[in-house]
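Please read the structure below before turning to the comments.
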Amino acid sequence: MLTGLGKVAGVTTVNGIYETLDDRFRTGRCTFGDVRLERLHDDCRWAEGPLYLPAWRQLVWSDIPNDRLLRWDETTGAVGVFRAPAGHSNGNTVDRQGRLITCEQGNRRVTRTEHDGRVTVLADRYDGKRLNSPNDAVVRSDGTLWFSDPDFGIITDYEGHRADSEIGACHVYRVDPATGSVSLAADGFRGPNGLVLSPDERQLYVSDTRLNQVRVFDVHEDGTLSGDKVFAECRPGGGVFDNIRFDDEGRLWVAACDDGVHCYDPDGTLIGRLLIPETVSNIAFGGPKNNRMFITATTSLYSLVMSVTGAPRI
């Protein structure tokens with residue numbers, strides 16, 4: 001078990017983990033969870049893409065440079081290799097049938113792991129051109145899939161394979177559940193990263209790592225997007241936005257790299273943060289009550305049982 005970073009001068013902290021920047025963080029019962037941060041594993045090069053699978057009480061996550069998917073068993077605490085090589089996998093999610101959806105940066109594709117273990121390619125090209133390096137994905141209740149496609153996996157050999165972009169830009173795409181066709185959903189990004197649907201599926205939130213903001217789009221029945229707005233911008237000197245997740249009261253939690261985990265009120269106000277001793281890449285809610293936050297940060301996988309609950313599972 002690890003303590004947090006300790007008291008920070010000039011701000012209110014609880015147990016060295018919870019930093020209150022707005023009283024809504026405290027009154028919203030965001031600070032009443034574990035008093036220690038638990039490190040579950042610490043043998044990664046760059047940990048990413050945590051996904052809790054409640055039926056198996058396991059967490060799957062990516063170790064991108066080591067080209068493997070790992071899994072942690074909640075009942076025993078054991079960690080093992082789920083898949084290697086794994087296409088330098090990054091973000092992971094599940095569809096409505098409980099099948100694993102993985103963004104493979106190295107293979108420049110989005111795949112689905114079938115119940116019998118076969119791997120099906122869902123997207124690897126747009127308009128006849130190879131994707132850059134898919135990063136994160138989200139699935140709507142009707143099976144519509146959106147994924148982000150920055151160039152992070154092709155600019156060096158560290159998290160993929162260095163190559164030129166065939167598309168020449170970084171976009172968010174949509175995969176039609178009926179036809180499997182890949183279409184452009186949203187553009188104007190410099191580094192699209194984390195994706196999350198609002199609990200009512202009426203809005204899609206997208207973080208842009210290079211612009212350091214979270215954008216929000218209205219989602220139409222046919223899966224098209226409109227109404228691009230900036231929901232939040234990272235505070236000056238406040239890290240870099242990566243992955244994003246909702247709790248069940250509409251607060252948005254953002255992995256903010258060197259600035260821990262940010263918490264935003266539904267109106268876009270930064271109200272607090274979690275202090276993490278390593279650079280944070282990604283977060284996910286899980287556990288039997290969906291109130292355990294799993295945090296991938298540089299070499300480690302952490303967890304914190306919280307007094308808030310993640311948005312309902314699909």
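Sequential numbering from 1 along the given sequence is applied to the chain's residues.
- Rounding to the nearest 0.5 Å places OG of Ser133 at 5.5 Å from CD1 of Ile154.
- Residues forming a salt bridge (Lys or Arg N to Asp or Glu O under 4.0 Å) with Asp218 (at least two apart in sequence, or on another chain): none.
- When every heavy atom of Thr309 is checked against every heavy atom of Asp247, the shortest pair comes out as O-CB, 3.1 Å.
- At least one donor-acceptor pair closer than 3.5 Å links the side chain of Asn212 to the backbone N or O of Gly239.
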Check the pair Arg174, Asp176 against side chain to side chain contact (heavy atoms under 4.5 Å, CB included), reporting the backbone distance first and the verdict last. CA-CA 6 Å; Arg174 175 174 61 92; Asp176 186 276; 3.8 Å; yes
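- A cation-pi geometry, defined here as NZ or CZ lying under 6.0 Å from the six-membered ring centre and within 45° of its normal, holds between Arg215 and Phe189.
- Ring planes of Tyr264 and Phe241: perpendicular class, angle over 60° (limits at 30 and 60°).
- Dense packing is recorded around CZ of Arg125, with more than 12 heavy atoms of other residues, nucleotides or ligands lying under 6.0 Å away.
- No more than 12 heavy atoms of other residues, nucleotides or ligands shown are found within 6.0 angstrom of CG on Asp164.
- Between Met293 and Val305, the closest side-chain pair of non-hydrogen atoms is not below 4.5 Å.
- Ion pairing of Arg210 with Asp151 is present here, as a side-chain N (NZ or NE/NH1/NH2) and a carboxylate O approach within less than 4.0 Å.
- Considering all non-hydrogen atoms of both residues, Cys103 and Pro134 come closest at CB-O, 3.3 Å.
- Counting heavy atoms from C-beta outward, Ile271 and Leu21 have side chains that stay 4.5 Å or more apart.
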Evaluate side chain to side chain donor-acceptor pair (under 3.5 Å) for His220 paired with Ser226, printing each intermediate quantity in order. CA-CA 8 Å; His220 301 287; Ser226 66; 2.6 Å; yes
Does Tyr302 form a ring pair (Phe, Tyr, Trp, His ring centres under 6.0 Å) with Phe294? I'd like the steps, not just the answer. CA-CA 6 Å; Tyr302 296 94; Phe294 295 94; over 10 Å; no
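- Between Leu225 and Phe217, the closest heavy-atom pair is CB-CB, 4.0 Å.
- Judged by distance alone, with hydrogens and angles left aside, the side-chain atoms of Thr156 form a donor-acceptor pair with the main-chain N or O of Tyr158 at under 3.5 Å.
- Within the structure, salt bridge (charged side-chain N to carboxylate O under 4.0 Å, His left out) contacts touching residues 281-295 (residues at least two apart or in different chains) are Glu38-Arg292, Glu74-Arg292.
- Shown here for Glu159 and His88, the closest heavy-atom pair between the two residues is O-CB, 3.4 Å.
- Inter-residue side-chain proximity for Ile276 and Leu37 is flagged as met; some heavy-atom pair is nearer than 4.5 Å.
- The closest donor-acceptor contact from the side chain of Thr298 to the backbone of Thr279 lies under 3.5 Å.
- Side-chain contact between Leu51 and Leu53: present, with at least one pair of heavy atoms (C-beta onward) separated by less than 4.5 Å.
- Val182 and Val172 fall into different hydrophobic clusters, where Ile, Leu, Val, Met, Phe, Trp and Tyr side chains are chained together by heavy-atom contacts under 4.5 Å.
- Asn107 contributes no side-chain N or O that, together with a main-chain N or O of Arg109, makes up a donor-acceptor pair within less than 3.5 Å.
- Between Phe231 and Tyr205, the ring planes lie perpendicular to each other; the angle is over 60°, past the 30° to 60° tilted range.
- For the pair Asn193 and Ser207, the minimum side-chain heavy-atom distance is below 4.5 Å.
- At least one donor-acceptor pair under 3.5 Å links the side chain of Asp149 to the backbone N or O of Asn132.
- Taking both residues in full, the closest heavy atoms of Gly188 and Leu211 are given as O-CD1, 4.3 Å, listed atom of the first, atom of the second, then distance.
- Ion pair Arg235/Asp259 flagged as a salt bridge, since at least one NZ, NE, NH1 or NH2 atom sits closer than 4.0 Å to an Asp/Glu carboxylate oxygen.
- At most 12 heavy atoms of other shown residues, nucleotides or ligands fall within 6.0 angstrom of atom CZ in Arg29.
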Begin from the C-alpha positions of Ser62 and Asn90 and carry the test side chain to side chain donor-acceptor pair (under 3.5 Å) through to its verdict. CA-CA 6 Å; Ser62 301; Asn90 193 324; 5.8 Å; no
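- By the criterion of side-chain heavy atoms lying less than 4.5 angstrom apart, applied directly or through intervening Ile, Leu, Val, Met, Phe, Trp or Tyr residues, Phe147 is grouped together with Leu184 in one hydrophobic cluster.
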Determine whether Leu145 and Leu122 satisfy the following criterion, side chain to side chain contact (heavy atoms under 4.5 Å, CB included), listing intermediate values before the conclusion. CA-CA 9 Å; Leu145 182 147; Leu122 300 180; 4.1 Å; yes
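- Under the 3.5 Å distance criterion, the side-chain polar atoms of Asp242 are left unmatched by any main-chain donor or acceptor of Asn282.
- Phe246 and Val216 fall within the same hydrophobic cluster, where Ile, Leu, Val, Met, Phe, Trp and Tyr residues are linked whenever their side-chain heavy atoms come under 4.5 Å apart, directly or through other members.
- Ion pairing between a basic and an acidic side chain is recognised when a charged N comes within 4.0 Å of a carboxylate O; Arg190 and Asp208 show no such pairing.
- The number of heavy atoms from other shown groups lying within 6.0 Å of CZ (Arg45) does not exceed 12.
- Judged purely by atom type and a 3.5 angstrom limit, Asn66 has no side-chain atom pairing as donor or acceptor with the backbone of Arg68.
- When hydrophobic clusters are built by joining Ile, Leu, Val, Met, Phe, Trp and Tyr residues whose side-chain heavy atoms come closer than 4.5 Å, directly or via intermediates, Leu59 is not grouped with Ile295.
- Within the model, atoms CG of Leu274 and CZ of Phe25 stand 5.5 Å from one another, a figure rounded to the nearest 0.5 Å.
- Looking at Val308 and Phe32, their side chains never come closer than 4.5 Å, going by heavy atoms from C-beta outward.
- Nearest heavy-atom pair, Leu70 versus Asp63, reported as atom, atom and distance to 0.1 Å: CD1-CB, 4.3 Å.
- Using a 4.5 Å heavy-atom cutoff, the side chains of Ile64 and Gln105 are in contact.
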Test Glu278 against Ser300 for side chain to side chain donor-acceptor pair (under 3.5 Å), laying out the working first. CA-CA 8 Å; Glu278 294 184 76; Ser300 302; 2.5 Å; yes
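- At least one donor-acceptor pair closer than 3.5 Å links the side chain of Asp95 to the backbone N or O of Arg99.
- Counting heavy atoms from C-beta on, the side chains of Thr31 and Glu19 never come closer than 4.5 Å.
- Just one of Thr113, Thr102, Asp136 meets the side-chain hydrogen bond (donor to acceptor under 3.5 Å, both in side chains) condition when paired with Asn92; it is Thr102.
- One finds the CZ atom of Arg24 at 8.5 Å from the OG1 atom of Thr27 (value rounded to the nearest 0.5 Å).
- Under a 4.0 Å N-O distance rule, the pair Arg140/Asp142 qualifies as a salt bridge.
- The backbone N or O of Gln203 sits less than 3.5 Å from a side-chain atom of Ser198, completing a donor-acceptor pair.
- Other residues, nucleotides and ligands contribute more than 12 heavy atoms inside 6.0 Å of the CD atom of Gln97.
- Look at Asp127 and Lys129 and you find no salt bridge, because none of the NZ, NE, NH1 or NH2 atoms lies under 4.0 Å from a carboxylate O.
- Separation of atoms CG (Asp67) and CZ (Arg83) is listed at 11.0 Å; rounding is to 0.5 Å.
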Would Glu48 and Thr296 count as a side chain to side chain donor-acceptor pair (under 3.5 Å) here? Give the steps. CA-CA 6 Å; Glu48 258 280 10; Thr296 50; 4.8 Å; no
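- In terms of hydrophobic clustering, with Ile, Leu, Val, Met, Phe, Trp and Tyr side chains grouped at heavy-atom distances under 4.5 Å, Leu100 and Leu301 are assigned to different clusters.
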